[in-house]
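This report refers to the structure that appears directly beneath it.
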Amino acid sequence: MAKHFKEIEIPHQKRFNSVPFPSVLSPNTSFSFPSSVSSLTGSIKTETPYLDSLLHKTGAILFRGFPINTASDFNNVVEAFGFEELPYIGGAAPRTNVVGRVFTANESPPDQKIPFHHEMAQVPEFPSKLFFFCEVEPGSGGETPIVLSHIIYERMKERYSDFVERLEEHGLIYNRVLGEDDDPSSPIGRGWKSTFLTEDKSVAAERAAKLGMKLEWLEDGVKTKMGPIPAVKYDKSRNRKIWFNSMVAAYTGWEDARNDPKKAVTFGDGKPLPVDIIYDCLKILEDESVAIPWQKGDFLLIDNWAVLHARKSFNPPRRVLASLCK
């Protein structure tokens with residue numbers, strides 16, 4: 001039983017096997033919960049075992065009603081959890097470092113949706129935990145929908161067992177063309193210099209090789225090929241298979257001046273994916289997901305092994321910050 005945190009219920013939550021998704025925590029007013037960031041970080045440190053076990057059980061925790069107002073407050077909260085930082089190498093989204101371990105979330109234009117994905121599922125080194133923080137509440141829209149990955153695996157297996165078997169056997173290959181510099185008009189507009197954190201092509205090639213990524217240099221950028229990489233993983237800690245891939249995100253969203261989404265992802269043997277199944281998978285993701293409207297000061301902790309996330313389009317203003325952990 002937590003001393004400083006109280007589990008509450010809010011609209012939009014769902015239940016899977018009677019477990020609420022996500023869990024929502026607010027300050028426990030039966031105990032004196034001081035209204036400062038340092039008291040919150042102290043409570044997080046004291047109650048780490050409770051928070052870890054709740055995250056393991058539910059996959060995502062929304063913290064609402066706590067005294068967090070700025071990026072620095074959020075950075076202090078992230079550090080209080082004690083997870084190691086993951087450097088953002090190989091991810092597709094344009095992001096800017098704000099303070100410490102805190103970055104902007106994907107900076108693509110507000111009218112664009114960002115499809116469901118596990119963070120950095122298309123590279124071998126991905127974060128195990130993600131934090132999001134609402135610094136400026138959206139004018140309207142702009143939710144960060146979340147969905148349980150094992151539920152998606154089960155639904156897909158029930159409906160398309162042959163397709164899922166092929167995926168499990170061959171995995172996926174992801175293809176993407178990167179420009180030199182970041183293109184903020186694109187949801188996958190990260191240029192190769194910031195993707196590999198270098199301006200030196202040979203260092204970029206070395207870092208790509210470490211990720212298992214092949215590069216083909218072009219006149220004004222580079223073509224990247226990642227994979228075959230598994231599309232279904234086994235979550236040992238929960239003893240279940242998960243839908244751990246960016247198939248729908250790549251096929252429906254990796255589009256800009258350089259990239260054709262239809263070429264963005266194939267089976268691991270190079271054969272094309274069946275379009276109708278991709279769009280049906282998108283529908284299943286949407287049907288099973290939960291989208292809680294952001295309130296200023298909310299922060300969300302996601303277990304990247306258990307949960308996929310997305311972003312709805314929005315009317316500005318909106319500022320959601322993120323932090324990735326090993």
Side-chain angles (χ1 to χ4, degrees), residues 84-97 101 103-108 114-115 117-130 167 170-233 244-273 304-305 308 322-326:
E84 211 182 319
E85 185 178 7
L86 181 93
Y88 189 54
I89 297 179
R95 295 175 188 266
T96 310
N97 184 229
R101 298 169 56 162
F103 285 78
T104 53
N106 189 321
E107 292 175 16
S108 63
I114 296 168
H117 59 289
H118 281 279
E119 191 65 32
M120 296 168 71
Q122 74 279 13
V123 290
E125 273 186 53
F126 49 84
S128 71
K129 312 279 188 306
L130 328 168
L167 265 191
H170 297 290
L172 290 168
I173 287 172
Y174 298 96
N175 302 296
R176 198 156 55 89
V177 181
L178 316 184
E180 288 218 353
D181 300 307
D182 288 0
D183 171 6
S185 70
S186 159
I188 53 160
R190 220 167 158 221
W192 67 261
K193 291 175 181 174
S194 68
T195 297
F196 301 111
L197 307 180
T198 181
E199 298 204 349
D200 182 325
K201 285 185 179 179
S202 59
V203 174
E206 206 175 286
R207 289 184 179 161
K210 266 192 191 155
L211 295 171
M213 188 185 278
K214 296 176 186 73
L215 300 185
E216 184 190 316
W217 292 99
L218 309 167
E219 233 171 79
D220 60 344
V222 64
K223 196 184 274 188
T224 69
K225 180 179 177 181
M226 186 73 225
I229 194 164
V232 172
K233 286 189 188 291
F244 200 94
N245 61 67
S246 297
M247 176 186 87
V248 168
Y251 196 91
T252 65
W254 286 15
E255 182 169 14
D256 62 13
R258 292 183 170 80
N259 289 278
D260 171 2
K262 293 178 178 54
K263 295 177 183 162
V265 60
T266 64
F267 279 117
D269 57 7
K271 294 193 172 128
L273 297 164
N304 197 36
W305 273 96
L308 302 106
S323 187
L324 311 182
C325 310
K326 276 190 180 171

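Distance check, rounded to the nearest 0.5 Å: SG of Cys325 to CG of Leu130 gives 8.0 Å. How far CG of Asn304 is from CG of Leu324: 8.5 Å, rounded to the nearest 0.5 Å. Rounded to the nearest 0.5 angstrom, Asn175 CG and Asp260 CG are separated by 10.5 Å. With values rounded to the nearest 0.5 angstrom, Arg258 atom CZ is found 6.5 Å from Asp183 atom CG. Here the OG-CZ distance, from Ser194 to Arg95, works out to 11.0 Å after rounding to the nearest 0.5 Å. Atom CD1 of residue Ile114 and atom CG of residue Asn106 lie 3.5 Å apart, to the nearest 0.5 angstrom.
Residues Ala264 and Ala250 share a closest heavy-atom pair of CB-O, 3.7 Å. For Ala205 against Leu215, the heavy-atom pair with the smallest separation is CA-CD1, 3.7 Å. The two residues Pro115 and Gly253 come nearest to each other via the heavy atoms CG-CA, 4.1 Å. When every heavy atom of His170 is checked against every heavy atom of Pro228, the shortest pair comes out as O-CB, 3.6 Å. Pairing each heavy atom of Thr266 with each of Lys271, the nearest pair is CB-O, 3.4 Å. Shown here for Ser128 and Lys326, the closest heavy-atom pair between the two residues is OG-O, 2.7 Å.
Contact check for Met226 versus Pro124: side-chain heavy atoms found under the 4.5 Å cut-off. Side chains of Ile229 and Tyr174 form a contact here, defined as non-hydrogen atoms less than 4.5 Å apart. In this structure, the side chains of Glu180 and Lys193 come closer than 4.5 Å at one or more pairs of heavy atoms. A heavy-atom distance below 4.5 Å is not found between the side chains of Ile173 and Phe267. Here the side chains of Leu86 and Met120 are in contact, with some heavy-atom distance below 4.5 Å.
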Q: Report the C-alpha separation of Met213 and Thr224 in whole Å, then their side-chain angles, then the decisive distance to 0.1 Å, and conclude whether the side-chain contact (heavy atoms from CB on, under 4.5 Å) test is met.
A: CA-CA 7 Å; Met213 188 185 278; Thr224 69; 3.9 Å; yes

Q | Candidate pair Arg190 and Leu178, rule side-chain contact (heavy atoms from CB on, under 4.5 Å), full reasoning | A | CA-CA 7 Å; Arg190 220 167 158 221; Leu178 316 184; 6.0 Å; no

Q: Might you work through the side-chain contact (heavy atoms from CB on, under 4.5 Å) test for His118 and Phe126, ending with a clear yes or no?
A: CA-CA 9 Å; His118 281 279; Phe126 49 84; over 6 Å; no

Q: Test Lys201 against Trp192 for side-chain contact (heavy atoms from CB on, under 4.5 Å), laying out the working first.
A: CA-CA 9 Å; Lys201 285 185 179 179; Trp192 67 261; 3.8 Å; yes

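A donor-acceptor distance shorter than 3.5 angstrom exists from the side chain of Asp182 to the backbone of Gly191, with no hydrogens or angles considered.
The local environment of CD in Glu199 is sparse, with at most 12 non-hydrogen atoms from other residues, nucleotides or ligands closer than 6.0 Å. Atom NZ of Lys223 has 12 or fewer heavy atoms from other residues, nucleotides or ligands within 6.0 Å.
Residues satisfying the side chain to side chain donor-acceptor pair (under 3.5 Å) test with Thr104, not counting sequence neighbours, are Glu107.
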